[in-house]
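Take a look at the structure set out below.
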Amino acid sequence: MNVLVIGNGGREHAILLALKKSKRVEKLYCMKGNAGTAQIAENVDIDYMNVEAVKKFAAEHSEIDYYVVAPDDPLAIGLVDELEAMGKRCFGPRKNAALIEASKAFSKSLMQKYNIPTAEAHTFDSYDKALEYVRKKGAPIVLKADGLALGKGVLVCEDLKQAEEGLKEIMLDKSFGMAGNVIVIEECMRGLKYNPGEEVSVLAFTDGKTIVPMITACDHKRANDKDKGLNTGGMGTFSPCPFWSKELEKEVYEDIMVPTMNAMNAEGRTFKGCLYFGLMRTDKGMKVVEYNSRFGDPETQVVLPMLKTDLMDIFEAVTDEKLADIKIEWEDGACVCVVLASGGYPLGYTKGKEITIGDVGDCQIVHAGTAVKDGKLVTNGGRVLGVVAKGKDIESARKKAYKAVKNINFENMHYRTDIGVKYRQG
Ligand code: AMP
Ligand code: GLY
């Protein structure tokens, strides 16, 4: 089979690396890709948000048998629907199901309607009413812009002043653009051990009939060590989650995963693809923080390397609604991904810095924001590389990853030194 993956980042490189292991995959393509994807796939220089351009490419390339739409934006605008209408086979939810990520107001109302555990919340399209509610509830309180905002549209406000400023930023100043026309205001969840609670990302394959959780992962969202600094797309991940257990898995499967799949079916929005559950362990049990309609980035970088089953078999089983027929198996042990970012990220940073990669042992270097310029590997984004290491446990994997990091360099390289340390204290 010839398979095209849509997207440019570390997640897409990780998906391609997993597909490369498939016995059934002959040739890989990536639209648009980066310097890493170019090593294993043919990069296609087309803007995937330009639906007409993608359709034209698909029409001219009948040799491509399967499309994987990985990022949230093309899913939200219905790229899967468009490709399917042309008779193409795809992995990824249709537009009406991708709404579970594209609108936080929708996902919140879904959880409320079907009793899926989550923080109590109200949705507003009026600034005045929202302000009145925030003042009534007081802090801490969480503000969420309704639409897609590059993972930045959530403000956890510790005091009322912060909440009032945040509300103005989202709804009046439109810092997140149209995403802030509607706001979800929710209770700040309390953790069982820490505040806020411990978080875990659980990705799941689903064909709308069956839902199969993958191994768990934890993301470090803040830019700096000890969870200081601004929120980012993710500075590193590790798998599995240290507080995960068979009991939690059962609770999440029965109370959250299956009810979510059924709820989407009942709404006429059958979800087929990878459904991402951002969960928090709270003093009142496991609750949903957010849904994503896709693989997480950089969660995918630590989850897929542990997959023993052929990923292409799983993708096709989802497309054909035969997920119940295959057994999905995982390696034992742990995996850690340390993200190397451009200094300044998530704010301003410069691109085009030459990258040198020395001895990285058996670590996998996953490319995110990279390009080749004048024959040299250069930085081309905020998150540049992910250094992925496997080990018998998280400690040995993180040691291996950080040893490799020492042999990689570019000007103003920034990374966290505590990936995988989260929750170790308790
Ligand atoms: P999200 O983009 O929805 O994942 O939110 C970003 C981060 O904000 C989450 O990873 C949590 O750490 C935090 N957060 C979101 N909602 C809540 C909530 N209701 N209570 C406490 N923390 C939250
Ligand atoms: N790592 C969080 C996300 O993919 O949204």
Side-chain angles (χ1 to χ4, degrees), residues 7 9-12 14-15 70-73 75-76 98 100-108 111-112 117-123 137 139-158 162-163 166 170 176 179 183-192 194-203 214 216-223 227 230-239 241 274-284 286-304 337 339 346 368 382-383 386 419 422-423:
R11 164 184 52 207
E12 288 74 18
I15 292 171
D72 49 0
D73 302 346
L75 290 168
I100 199 165
E101 171 171 10
S103 167
K104 289 194 189 287
F106 167 74
S107 65
K108 195 47 99 172
M111 289 184 268
Q112 287 169 339
T118 187
E120 183 199 283
H122 280 270
T123 299
K137 284 285 175 182
I141 196 157
V142 180
L143 310 180
K144 300 187 171 184
D146 173 49
L148 297 176
L150 298 170
K152 292 176 192 151
V154 174
L155 304 176
V156 179
C157 305
E158 302 299 338
Q162 245 183 4
I170 295 175
F176 307 108
I183 195 167
V184 176
I185 303 181
E186 50 180 66
E187 147 213 18
C188 191
M189 292 187 277
R190 293 277 157 204
L192 187 67
Y194 315 108
N195 275 322
E198 303 97 310
E199 288 181 63
V200 53
S201 308
V202 192
L203 284 55
M214 302 182 211
T216 56
C218 296
D219 185 9
H220 295 71
K221 287 200 165 130
R222 300 297 191 105
D227 285 335
L230 293 171
N231 256 323
T232 70
M235 292 299 292
T237 37
F238 59 95
S239 172
C241 165
C274 172
L275 184 50
Y276 168 129
F277 296 83
L279 305 171
M280 196 179 274
R281 181 161 69 153
T282 76
D283 53 1
K284 296 185 191 73
M286 294 301 287
K287 292 194 181 186
V288 177
V289 179
E290 63 163 349
Y291 292 116
N292 291 326
S293 58
R294 52 173 174 84
F295 282 99
D297 190 343
E299 282 89 343
T300 307
Q301 287 87 315
V302 291
V303 169
L304 289 186
C337 172
V339 169
R383 290 186 293 176
I419 302 302
K422 217 175 186 180
Y423 312 134

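Below, each value reflects all heavy atoms present in this structure, side chains not excepted, and no hydrogens, waters or symmetry copies. Counting begins at 1 with the first residue of the sequence. Counting starts at 1 for both ligands and their atoms, in listed order.
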Determine yes or no for a side-chain-to-main-chain donor-acceptor pair under 3.5 angstrom, with Ser293 supplying the side chain and Ile100 the backbone.
no

So is Gly278 touching ligand 1 or not, going by heavy atoms under 4.0 Å?
no

Near Met280, which atoms of ligand 1 are under 4.0 Å from a heavy atom of that residue?
21 (C), 22 (N)

Do side-chain atoms of Thr237 reach the backbone of Pro298 as a donor and acceptor pair under 3.5 angstrom?
yes

If you count the atoms of ligand 1 from 1 in the order shown, which ones are under 4.0 Å from a heavy atom of Lys144?
3 (O), 15 (C), 16 (N)

Does the Arg383 side chain pair with the main chain of Gly234, one donor and one acceptor, at a distance under 3.5 Å?
yes

Any idea which atoms of ligand 1 are less than 4.0 Å away from a heavy-atom of Glu290?
1 (P), 2 (O), 3 (O), 4 (O)

Test item: Glu187 side-chain N/O and Glu120 main-chain N/O as donor-acceptor pair under 3.5 Å
yes

Need the ligand 1 atom indices (1-based, order shown) with element for anything under 4.0 Å from a heavy-atom of Val142.
16 (N), 17 (C), 18 (C), 19 (N), 20 (N)

For the atom pair OG (Ser201) and CG (Asp297), what is the distance rounded to the nearest 0.5 Å?
11.5 Å

Could you pull out every N or O of ligand 2 that sits under 3.5 Å from a protein N or O, with the distance for each pair?
from: ligand 2; atom 1: 1 (N); to: Asp219; atom 2: OD2; distance (Å): 2.9
from: ligand 2; atom 1: 1 (N); to: Asp297; atom 2: O; distance (Å): 3.0
from: ligand 2; atom 1: 1 (N); to: Glu299; atom 2: OE1; distance (Å): 2.8
from: ligand 2; atom 1: 1 (N); to: Glu299; atom 2: OE2; distance (Å): 3.3
from: ligand 2; atom 1: 4 (O); to: Arg294; atom 2: NH1; distance (Å): 3.0
from: ligand 2; atom 1: 4 (O); to: Asp297; atom 2: N; distance (Å): 2.9
from: ligand 2; atom 1: 5 (O); to: Asn292; atom 2: ND2; distance (Å): 3.1
from: ligand 2; atom 1: 5 (O); to: Arg294; atom 2: NH2; distance (Å): 2.9

Tell me which part of Val156 gets within contact of ligand 1: side chain, backbone, both or neither, using heavy atoms under 4.0 Å.
side chain

Go through ligand 1 atom by atom and flag the ones less than 4.0 Å from a non-hydrogen atom of Glu186.
16 (N), 17 (C), 18 (C), 19 (N)

Pairs of nitrogen or oxygen atoms closer than 3.5 Å, one from Met189 and one from ligand 1: do any exist?
yes

Under 4.5 Å between any side-chain heavy atoms of Glu12 and Phe295, yes or no?
no

Residue set satisfying ring-ring contact (aromatic ring centres under 6.0 Å, His included) with Tyr276, at least two apart, ordered chain then number -> none

For Glu290, is there an ion pair with Lys221 - N to carboxylate O distance below 4.0 angstrom?
yes

Within a strict 4.5 Å, meaning less than it, do heavy atoms of the Leu155 and Gln162 side chains meet?
no

So that I can tick it off, tell me whether Glu186 and Lys108 are bridged by a salt bridge, with the cut-off set at under 4.0 angstrom between side-chain N and carboxylate O.
yes

Verify the distance criterion only: is there a donor paired with an acceptor across the side chains of Ser103 and Asp146 at less than 3.5 Å?
yes

Per-atom contacts, ligand 1 versus Lys104 - under 4.0 Å to a heavy atom
3 (O)

Judging by distance only, is a nitrogen or oxygen of Asn231 under 3.5 angstrom from one on ligand 1?
no

Does only the side chain of Ala119 get under 4.0 Å from ligand 1, or the backbone, or both, or neither? Count heavy atoms.
side chain

Best match, Val289, Val154, Thr282: closest heavy atom to atom 6 (C) of ligand 1:
Val154

With Lys104 as partner, the option from Ile183, Val154, Thr123 fulfilling side-chain contact (heavy atoms from CB on, under 4.5 Å) is Val154

Any idea which part of Glu187 is under 4.0 Å from ligand 1, heavy-atom wise: side chain, backbone, both or neither?
backbone

